[in-house]
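In what follows, a single structure is set out as C-alpha cells and then discussed.
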Amino acid sequence: MLLYTVELYHCSLDAISRAEYADFSTINPHKLPKSVQEQTDNDKRCVGYGKNRIIFRVWPRDPKGQAIKPSPLRGKEAGNGLDLWGATLYDFYHVRRLPNVENYITNSTGSRLAKWMRQVGELTAKDELYWADKEEDPKEIPVADIGELIGCYDTRVRLGIFNQYSTMQVGEAGETSPFHPDHYPSPHPFIPCTHDGNPTLQQRIPLHLLPKKLHVHDPWNKLSIDEGDTDHQTPWLSKVANRRDIVRTYSLSLAPQGKEAALKAQKLAEMAEEEATKKESVMRIFPSNKEGPTEEPLIEVVLPPRPWKRTQVEEAHLYLSPRAVGSGNHSVVHGVEWELPRDLFVEARLCRTCVELDARQQIQKLKDDGKWEALLNNPVGKPEETLQAGPDEEIFTIEPPRVVRIASYSGPALRIHTSVKWRRPWELCGHNRSSSGTVPRTATVSVVAKLSIEHDLHLAREANNYQSFPDHFFQHWNGYNVMPPLHDPVPVGALCPQFYGYYTPDDPTDGTSRPNYLSPILLLEYCGEEIDPDELCVDDKQECASLVFRFHHAGWLHESFAARNILWQQGKPTEWPIQRPYSTKSFRLIDFGRSRKLDSSLTRASEEDTALRLLHLLHHAGL
C-alpha cells in the first residue's frame, strides 16, 4: 500500500439509502460528486469541468480498531495483477492505518478493505461494506466487434456511397481462393487507399490466425524505402495501369516462442471446433403463444452441425498507401488496407426464419400425407416431460409466425430434422433486412504498416517483443487502477497496439540478380496521433504516465519514452465509433524496438522520472 499525506475530499453518502446507491440509480459512479468536483482544479481541457478522477471517499475506522499492517490479503484485480483496482471512482478510499492518527493515510480499495475489516472483525463501516459487496467484478471489455463494423460498411456499400471508387480490376488467384475475381460482386472491389470508409481493425487476432502469406501491393515502391516514388498525386488506377502494380509476396515470420504459441493455439482451436461440431443443437418450436392446454405437440428441430470456424489463414492482400502517417529515426509508418477472408471476422449463421419456414412446410407435408397422427401417437418426449425456456432463449411458434417467450412446456415432443444449411458470411437469404444483397468473400480493414531502413534491427526486435508481452498489455478492462507513484485512479485500457504480424520478403533480390533492400513489415493497430503534453489535462497526463508505470510493473523497460511514443485517439476502442466523439481520449504506448526486460531499479526510477518530467506530474508539476 502507498503511504503519504493527502488533503481529503470526503463525500458523505448518509443522505442516500443503500438501495439507491447500490444500483447507481441516483449517481454516476464514473464522475465525481458535484460537491467534490467544485473543490478540484478547474481544468477546461478535461471532459466536463475540473479534474475528473481522484480518490474522494474515506473509509470510517473504529476508534478502537487495529492498525492496518502489511498483509497478503488482496482485493479484486484486473488482468495486470495490480492490487489497487476498483470498478468505479466510488470504490477507492483513503483510510487511516491507525484509527487515531489523523495523517497516517493510505490508499486502498473497497474490496481489499472489506476483506481486511471482516478478517479483524471491524464492521462499523456498514454502508462501505455493503457497497463493496455490490461492486462489479473485474472483466475484460471487448472492442467494438469488427464483424458488426464490416456489416455497417456493407450497408454503406449497398447505399452506393462508395460507387465512385469501384473498379473491377483484381489480382490473380485460384478459383478456391476468396480473392478470385469471380467472388467480387458489383460494385466490389474498390480502388485501394482512395477513401477512409473501411473499418479500423482494433480486435486482437490470435497468432495462429495471422495470414501465412501476404501479397503486398506497392505501386509507389515504398518497401524499398529510399527508392520509392514521391509522386503521390497520380491516382492508384493510373499507377497500376498496364500491369505496373508492384506486388511482392511476404511470409509471416514469428519468433520461436511465437511459433510455439501459435502451434499450440491452433491445435487447441481445432480440438475445440471438433468438439463443438459434435454437439447436437436443437431449436424448439412451441405449439402456441398462449398459456394453457394445447393439443399440438412441441416440435424439436434438429439443426445441422455448425461449420468449422477458421483455425488458420493461408493468405491475405495488403495495399500500401503512398503517404506516411508517421516516421522516426529508424522507421516510417504507412496507413494500409488489409484484405482478409471474411469468415475470419464474420461467423456463419443459420437463419432462424428459414428453419421455422422449413419446419412448417415439413409439418404440413406430414399432415397432407396422413402421417401426422401416427407421429403424435409416438412422440419423442414423455407426456409428463417439462421443458424450460432459458431467460434469453427465443422460442418460435408455428401459428402465428412470430417470436414469443414462454416459460415452460409439459407434454409430448416431436423431432424433425431441418434441411436448412448454415450460410457462410457471403451467403445471404434475405430475411435479415440489413444483410440483403451480395458481398465478397473477403473484408478490408485499416491498419498500419511499420517499415524500417536498411541494416536496422529495431523492427525485428520490436516484433519479438510484441510476441513476448503478456496478454493484459493488449486487453481493455473495466474499472480503474491506482498506479504508484500516482495517487489517482486511471482507466485500465490496452497498453500497446494490437500486433498483426511481422512479415519478411520471400525474394529479397526483388526478382533481380543483385540484392535490393526490401523492408520487412510490422503490422499494427492504428492508435491515433502523437500527444502534445502541454495540451493534456491532468487526468490525461496521469493516464499517459500510467502506461509506462504499468510497463515497469510487468517487468519491462521501454528505453525510448518520449511524447512521440505515446499516441492518443478520441474515444475508446470498446465504444462504437458513433459514440467516440462524445467520449474521453484514450492512449497507447508504442515503439518497443529498444525495450527489454527490467533488470535494475535504478533504470526503472530514471525512466519513471523522465515520464513525470515530460508530463509535468508530481514533483515536476508546474515546471
Side-chain angles (χ1 to χ4, degrees), residues 1-2 30 53 55 71-89 91-93 106-113 115 135-143 202-204 206 257 261 465-499 525 527 539-559 561 565-568 572-574 584-592 595-599 601 604-605 607-608 611-612 615 617:
M1 289 186 177
L2 179 65
H30 299 286
R53 295 193 294 260
I55 299 177
S71 167
L73 285 179
R74 302 181 74 88
K76 296 179 178 180
E77 298 175 359
N80 56 26
L82 287 166
D83 59 352
L84 294 181
W85 178 91
T88 74
L89 297 179
D91 294 300
F92 293 91
Y93 295 87
T106 190
N107 289 340
S108 194
T109 64
S111 61
R112 192 176 187 186
L113 283 171
K115 187 178 292 186
E135 182 186 18
E136 183 182 15
D137 288 332
K139 61 183 178 183
E140 184 182 355
I141 306 297
V143 301
Q202 297 181 299
Q203 208 159 290
R204 192 175 184 186
Q257 72 272 20
N465 283 338
Y466 271 107
Q467 296 167 69
S468 300
F469 287 161
D471 288 341
H472 63 81
F473 276 17
F474 305 96
Q475 296 170 345
H476 303 268
W477 285 74
N478 66 327
Y480 306 86
N481 279 140
V482 172
M483 182 69 246
L486 302 176
H487 303 159
D488 301 323
V490 291
V492 195
L495 190 152
C496 64
Q498 303 296 340
F499 169 72
E525 172 192 4
C527 293
D539 281 346
D540 293 340
K541 291 177 180 179
Q542 289 182 338
E543 186 172 349
C544 291
S546 74
L547 297 177
V548 73
F549 298 155
R550 287 168 53 191
F551 200 62
H552 293 167
H553 180 267
W556 286 85
L557 192 69
H558 189 270
E559 290 279 61
F561 189 83
N565 290 331
I566 308 173
L567 301 182
W568 75 274
K572 302 174 183 178
T574 55
T584 58
K585 295 182 177 72
S586 58
F587 302 89
R588 300 293 179 88
L589 190 61
I590 63 166
D591 197 358
F592 304 102
S595 299
R596 58 185 174 85
K597 287 295 184 72
L598 191 61
D599 58 4
S601 59
R604 172 175 179 169
E607 190 161 88
E608 288 186 356
L612 295 173
L615 297 163
L617 292 172

>> Suppose we screen for side-chain hydrogen bond (donor to acceptor under 3.5 Å, both in side chains). Which residues come up paired with R74, at least two apart in sequence or across chains?
In response: E77
> Is the backbone N or O of V143 less than 3.5 Å from a side-chain atom of Q203, with the two atoms forming a donor-acceptor pair by type?
Replying inline: no
>> Main chain of K76, side chain of S111: is a donor-acceptor contact present, judged purely on distance under 3.5 Å?
In response: yes
> Should the pair K597 and W556 be classed as cation-pi, given the thresholds of under 6.0 Å to the six-membered ring centre and 45° from the axis?
Replying inline: yes
> Any sub-3.5 Å donor-acceptor pair from H558's side-chain atoms to D591's backbone N or O?
Replying inline: yes
>> Restricting to ring-ring contact (aromatic ring centres under 6.0 Å, His included), what partner residues turn up for H30, sequence neighbours left out?
In response: Y480
> Per the side chain to side chain contact (heavy atoms under 4.5 Å, CB included) rule, which among L547, L84, L82 passes with M483?
Replying inline: L82
> Any ion pair linking E525 and R588 (charged N to carboxylate O, less than 4.0 Å)?
Replying inline: yes
>> So, using side-chain contact (heavy atoms from CB on, under 4.5 Å) as the criterion, who are the partners of A87 when residues are at least two apart?
In response: W85, D91, E135, E136
> About how many Å separate CG of D540 and CG of L615, when rounded to the nearest 0.5 Å?
Replying inline: 10.5 Å
>> Quick check against the 3.5 Å criterion: does R53 have a side-chain atom that pairs as donor or acceptor with the backbone of L89?
In response: no
>> Quick one: does any side-chain atom of N478 pair with a main-chain N or O of D137 as donor and acceptor, under 3.5 Å?
In response: yes
> With no hydrogens and no angle check, is any side-chain donor or acceptor of N465 less than 3.5 Å from a backbone partner on S595?
Replying inline: yes
> With no hydrogens and no angle check, is any side-chain donor or acceptor of H476 less than 3.5 Å from a backbone partner on G493?
Replying inline: no
> Does F592 have its ring centroid less than 6.0 Å away from the ring centroid of Y466?
Replying inline: yes
>> Show the nearest heavy-atom pair for residues L557 and F551, with the distance to one decimal.
In response: C-CE2, 3.6 Å
> Can you tell me how far OG of S546 sits from NE2 of H553, rounded to the nearest 0.5 angstrom?
Replying inline: 12.5 Å
> Roughly how far, to the nearest 0.5 Å, is CD1 of I566 from CD1 of I590?
Replying inline: 9.0 Å
> What pair of heavy atoms forms the shortest contact from G79 to H472, and how long is it?
Replying inline: O-CD2, 3.5 Å
